[in-house]
Protein chains: 2
Amino acid sequence: MKSDIEIAQETAICPITTIAEKIGLTFDDIELFGKYKAKIPLEVLEKFDKKAEGKLVLVTSINPTPAGEGKSTVTVGLADAFARQGGSVMVALREPSLGPVMGIKGGAAGGGYAQVLPMEDINLHFTGDIHAITTANNAIAAFLDNSLHQGNPLQIDPRRILWKRVLDLNDRALRHVTVGLGGPLNGIPREDGFDITVASEVMAVLCLATSIEDLKGRLGKIVIAQTYDRKPVTIDDLGVAGAIAMLLKDALKPNLVQTIEGTPALIHGGPFANIAHGCNSVLATKTALKLADIVITEAGFGADLGGEKFLDIKTRQLGKTPDAVVIVATLRALKMHGGVDKKELTAENVEAVKTGFANLKRHIENMQAFGLPVVVAINQFASDTEAEISTLTALVEALGVEISLTQVFAKGGEGGLALAKKLSAMLQEKTDFRYLYELETSVSDKINKIVTEIYGGSKVNFSVKAKRQLREISENGWDNLPVCMAKTQYSFSDQASLLAAPEGFEITVRELIPKIGAGFIVALLGDIMTMPGLPKAPAALKMDVSNDGKISGLF
Amino acid sequence: MKSDIEIAQETAICPITTIAEKIGLTFDDIELFGKYKAKIPLEVLEKFDKKAEGKLVLVTSINPTPAGEGKSTVTVGLADAFARQGGSVMVALREPSLGPVMGIKGGAAGGGYAQVLPMEDINLHFTGDIHAITTANNAIAAFLDNSLHQGNPLQIDPRRILWKRVLDLNDRALRHVTVGLGGPLNGIPREDGFDITVASEVMAVLCLATSIEDLKGRLGKIVIAQTYDRKPVTIDDLGVAGAIAMLLKDALKPNLVQTIEGTPALIHGGPFANIAHGCNSVLATKTALKLADIVITEAGFGADLGGEKFLDIKTRQLGKTPDAVVIVATLRALKMHGGVDKKELTAENVEAVKTGFANLKRHIENMQAFGLPVVVAINQFASDTEAEISTLTALVEALGVEISLTQVFAKGGEGGLALAKKLSAMLQEKTDFRYLYELETSVSDKINKIVTEIYGGSKVNFSVKAKRQLREISENGWDNLPVCMAKTQYSFSDQASLLAAPEGFEITVRELIPKIGAGFIVALLGDIMTMPGLPKAPAALKMDVSNDGKISGLF
């Protein structure tokens, strides 16, 4: 089979103006970025005031495994399948981060015949949104260090600075640094560190903001440090929320591109799914809901982590909850949850499917607990056997849940028609959504509820530090914020090796990080990597550009 | 008078497609970035193969003073004046760096009624070129640190790493840092530092490259470190020149915008004028020369520093030398060169004009020594008196040189008509350009020639370090590269306080830095600041954006 970039480069891509027309946008409505990308200004939505919002399909998955699930691929292929049925459909996705592209992944915008185009641009600088976020984040850091240097009028304790600098690169040497060295003209020496840009609170803020005004308000509330007497210091205290919002005014506009089959796609924002909430922007999803009758979107990692955060965090800002949930799984991945080694995955193993099904089952039940109708999508591989498929089908259907095989990687929208058909019927039904928790409960109660009701754990322990932080959260009046869980994506528990559906485990909250601009409290359940490293042979070694501008080595 | 941003926002800006039409470019020829910016793909020039290149006017100035000279303003206004005469004219300028914009300057794209639009975009993220350069520069650093971490196969000496990271911000706390802390999983600890992006060699490379192929070749040759046995390590040794060129493929395309009077303007590239050569890109100037009959461009700082480097470095890549040189001065600045304090500048002082004229005179003679016809442009201020103006006019005319008063800040192109008329006549003449030095002479001879013939110094001293580096340069076969002088912009000498036209001074070369990708050897004549700091009250404090996206506080 051809590589993703070969397929992408062979596709006859439409001018983005043609794609815009499909959703009722004229040349004047959009801001072109070259011929195949455009930004949609926020005020364009006023044109569609009268139109009812479309139906929302959330694509999530089982706990990811090294076998690969293909959640983005199914999301894109499903949109193309709906489009083949003649519906007005859009897909809303996260923007890939350049760091992993240059490091390991080599590219991420779906795969095979279910990709988003132009894949080279989307994987590289795209429309510059992530660069704007990097700049905004680091400008905040520069203003903070300048305030320290210029007499420290805010009485910031240099040992208690929460704000880190960021780059959209994998660069382990920047995880722990000291800055401000070189004598009195060069700032105040202190320990510091860099995260990857997608882990920045500015990214989370951009993805949850509903207007420039809201963006500015959220930025102002970001807590960047503590004073010597442990009071929070915010960006409003620095006086630069307006300037930072100014740096982000264009990045706030959703980006319009297209799938390989010409379905309009919005790719906008890409917060980490561990340290942040892991979904594309509220504004992109809102825009898609106004412009199309059916919107397919995805959440990061598995349904326990990204799915829960989509429902408990993002939908509160979006003002809209999903009309149906697709849980993506592969037989290969279920077999890994059933204890099979990655090297043995091509051999038939019905027993492992049965064991691994426990993982899928808990995700199904969790999503149903939110009051949402669920369909399982099996992203088919050539090595899947009839026996494995029929075993899984029986197990899923025994729960009263529909299941559909998809082949979108190899066949594009055609390979997702069965799934789209099942969903079309489900979307006629009214849902009865209920949040997992009310905002008015305490942060510790919220965490308890997530751990016991979603993860299946028996108990939550708080470290000494976390206990102190719970008190600070209460004192600062932040108890009514939702919780953003930061744990391993590989397991329901906080231990990556506990696959399938572990029970009786306890979870330890090591630390709580207030992200007051984003509007949530991060609960750290382990060492979360916020600045990846490069492998021995980075993907970049194979990348090149010819003299006529053609890119190779993105895959 | 209104502020720059008020004037800019009141201007009825044309769609960039209309501006493109003026220079023979269709909608399909260009890549739009919103409605008022576009990139010009390199292959578009093939359409103009048959057309002769236009005439080139270089705008430079006396040694800058705190009084302000307004070189960019005159450059823009002069282009508008030519346009008013009915000529086919373009202006080619550098892109402003965001760091100074947020720090002190608040904005830089000409001023008053001689500005480039959209000034907000140009001063902020523009088309993302500088962000691409930041990313490319820092990706190189990440690959380098990764190579150190992964067994150091290139035997890089971590104490002799030349490559620094960059941000397009003013951030003094990043000047001297240590990276790679935190234990064996987090890289190799070493000293490091950040420059501002415009000081990156990647910026210089982008501005001197003539094609993607040339860009890639130059990137590969960049020396980033030395091995334990003091051999140069290049980006080609890391194997990532292709990937880095890929990151820069769009940034290499010149950006089309417009002046306030609708004259087509290319704004592309902005290397520091001290540590680098300080001119907009070769490709932008080449493109303008193909598309227009008259091209106005500028060099950084004074004619001794930016002017000399434009002529001895940039024109060798451009394949075209200026047809005329404009030297911009103000009576205020000449009075400062004549010893007047900044607070006393509004008082008439004819004697100070006479004394300060020595600065202008040496710059005139220097430009004439290159075989170029010179005209002096006086950027008029309300406080200039008749007596001062007539004194200066007599002094300049006594040299057989023309002088013209300009009022482009207040009047736009109208205020530059007299200057344009004088230049129109000069552009009919053939020039007899000669380089200051031949490339075949040694680096030390080149430096000697610049110091004695351009600066008016008596002698060059080389530090012990510089002497060793001269030997290394010879051994590495780099002796035939041009020299990029890095000294204070305020004086012909290496001491900022020696104004007017000092004589008999000696100059010390402290250090030589090989910039083999850019293709020059930097000669450091003092402490050159490559990462500015923020002032106590940064310009950003006044910046804001309203809910409908309107920016304020850029001035």
Side-chain angles (χ1 to χ4, degrees), chain A residues 31-35 43 98 102 124-125 128 131-132 135 138-139 141-143 145-146 149-150 167-182 185-188 211-213 216 239-240 242-243 245-247 249-250 533-534 536 538 540-541 543-549 551, chain B residues 31-35 43 98 102 124-125 128 131-132 135 138-139 141-143 145-146 149-150 167-182 185-188 211-213 216 239-240 242-243 245-247 249-250 533-534 536 538 540-541 543-549 551:
Chain A
E31 295 172 4
L32 292 184
F33 276 69
K35 309 232 183 299
E43 61 270 21
L98 188 62
M102 304 292 282
L124 298 179
H125 308 291
H131 292 325
T135 305
N138 294 339
F143 293 127
D145 270 308
N146 189 53
H149 177 78
Q150 308 276 4
L167 288 180
D168 189 27
L169 290 169
N170 288 11
D171 194 348
R172 70 169 68 72
L174 292 179
R175 285 176 193 152
H176 302 283
V177 304
T178 51
V179 301
L181 306 178
L185 295 180
N186 302 305
I188 306 291
S211 67
I212 290 180
E213 210 53 48
K216 204 193 300 178
V240 295
M246 174 190 77
L247 290 173
K249 82 172 175 72
D250 292 317
L534 288 166
K536 192 153 196 164
L541 291 175
M543 296 176 185
D544 202 0
V545 56
S546 66
N547 203 36
D548 60 359
I551 284 175
Chain B
E31 295 172 4
L32 292 185
F33 275 68
K35 310 234 182 297
E43 60 269 22
L98 188 62
M102 303 292 281
L124 298 179
H125 308 292
H131 292 325
T135 306
N138 294 339
F143 293 128
D145 271 307
N146 189 52
H149 176 80
Q150 307 276 5
L167 288 179
D168 189 27
L169 290 168
N170 288 12
D171 194 348
R172 71 169 66 72
L174 292 178
R175 285 176 192 153
H176 302 283
V177 305
T178 52
V179 301
L181 305 178
L185 296 179
N186 302 305
I188 306 292
S211 67
I212 291 180
E213 210 54 46
K216 204 193 301 177
V240 295
M246 174 190 77
L247 289 174
K249 82 173 175 71
D250 292 316
L534 288 167
K536 192 152 195 165
L541 291 176
M543 295 175 185
D544 202 0
V545 57
S546 65
N547 203 35
D548 60 359
I551 284 175

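Not measured: the values here are computed from a predicted model. To find a chain, count down the sequence lines: A is the first, B the second, and so on, and within it residues start at 1.
One finds the NE2 atom of B:H149 at 11.0 Å from the CG atom of A:D171 (value rounded to the nearest 0.5 Å).
When each of A:E31, A:Q150, A:E43 is checked for heavy-atom pairs under 4.5 Å with chain B, A:Q150 comes out on top. For the options B:G128, B:A141, B:G549, heavy-atom pairs under 4.5 Å to chain A are most numerous at B:G549. Most heavy-atom pairs under 4.5 Å with chain A: of the set B:L167, B:L124, B:L247, B:L541, this distinction falls to B:L247. Counting heavy-atom pairs closer than 4.5 Å to chain B, the top-ranked of the candidates A:T178, A:D544, A:N138, A:L185 is A:T178. For the set A:V240, A:L174, A:D250, A:D548, the entry with the most heavy-atom pairs within less than 4.5 Å of chain B is A:L174. Of the listed residues (A:V179, A:N146, A:D145), the one with the most heavy-atom contacts under 4.5 Å to chain B is A:N146. The residue among B:I188, B:L32, B:V177 with the most heavy atom pairs within less than 4.5 Å of chain A is B:L32.
With contacts defined as side-chain heavy-atom distances shorter than 4.5 Å, the pair B:T135/A:L98 qualifies.
Heavy atoms of A:L169 lying under 4.5 Å from chain B belong exclusively to its side chain. Looking at B:L534, both its backbone and its side chain come within 4.5 Å of chain A, counting heavy atoms on both sides. For chain A, the nearby parts of B:E213 are the backbone and the side chain; heavy atoms of each come within less than 4.5 Å. Neither the backbone nor the side chain of B:D168 comes within less than 4.5 Å of any heavy atom of chain A.
In plain terms, the two heavy atoms of B:S546 and A:I212 that are nearest each other are O-CG2, 3.5 Å. Scanning all heavy atoms of the two residues, the minimum distance from A:H176 to B:G182 falls at CD2-CA, 3.8 Å. The nearest pair of heavy atoms linking B:A540 to A:A243 is O-CB, 3.4 Å.
When atom types are taken as modelled, the side chain of B:K216 and the backbone of A:V545 share a donor-acceptor pair closer than 3.5 angstrom. Formation of a donor-acceptor pair under 3.5 Å by the A:R175 side chain with backbone atoms of B:G187 is not found in this model. Put simply, the side chain of B:N186 never gets that close to the backbone of A:R172: no donor and acceptor are under 3.5 Å apart.
B:K249 meets the salt bridge (Lys or Arg N to Asp or Glu O under 4.0 Å) test with no other residue; sequence neighbours excluded.
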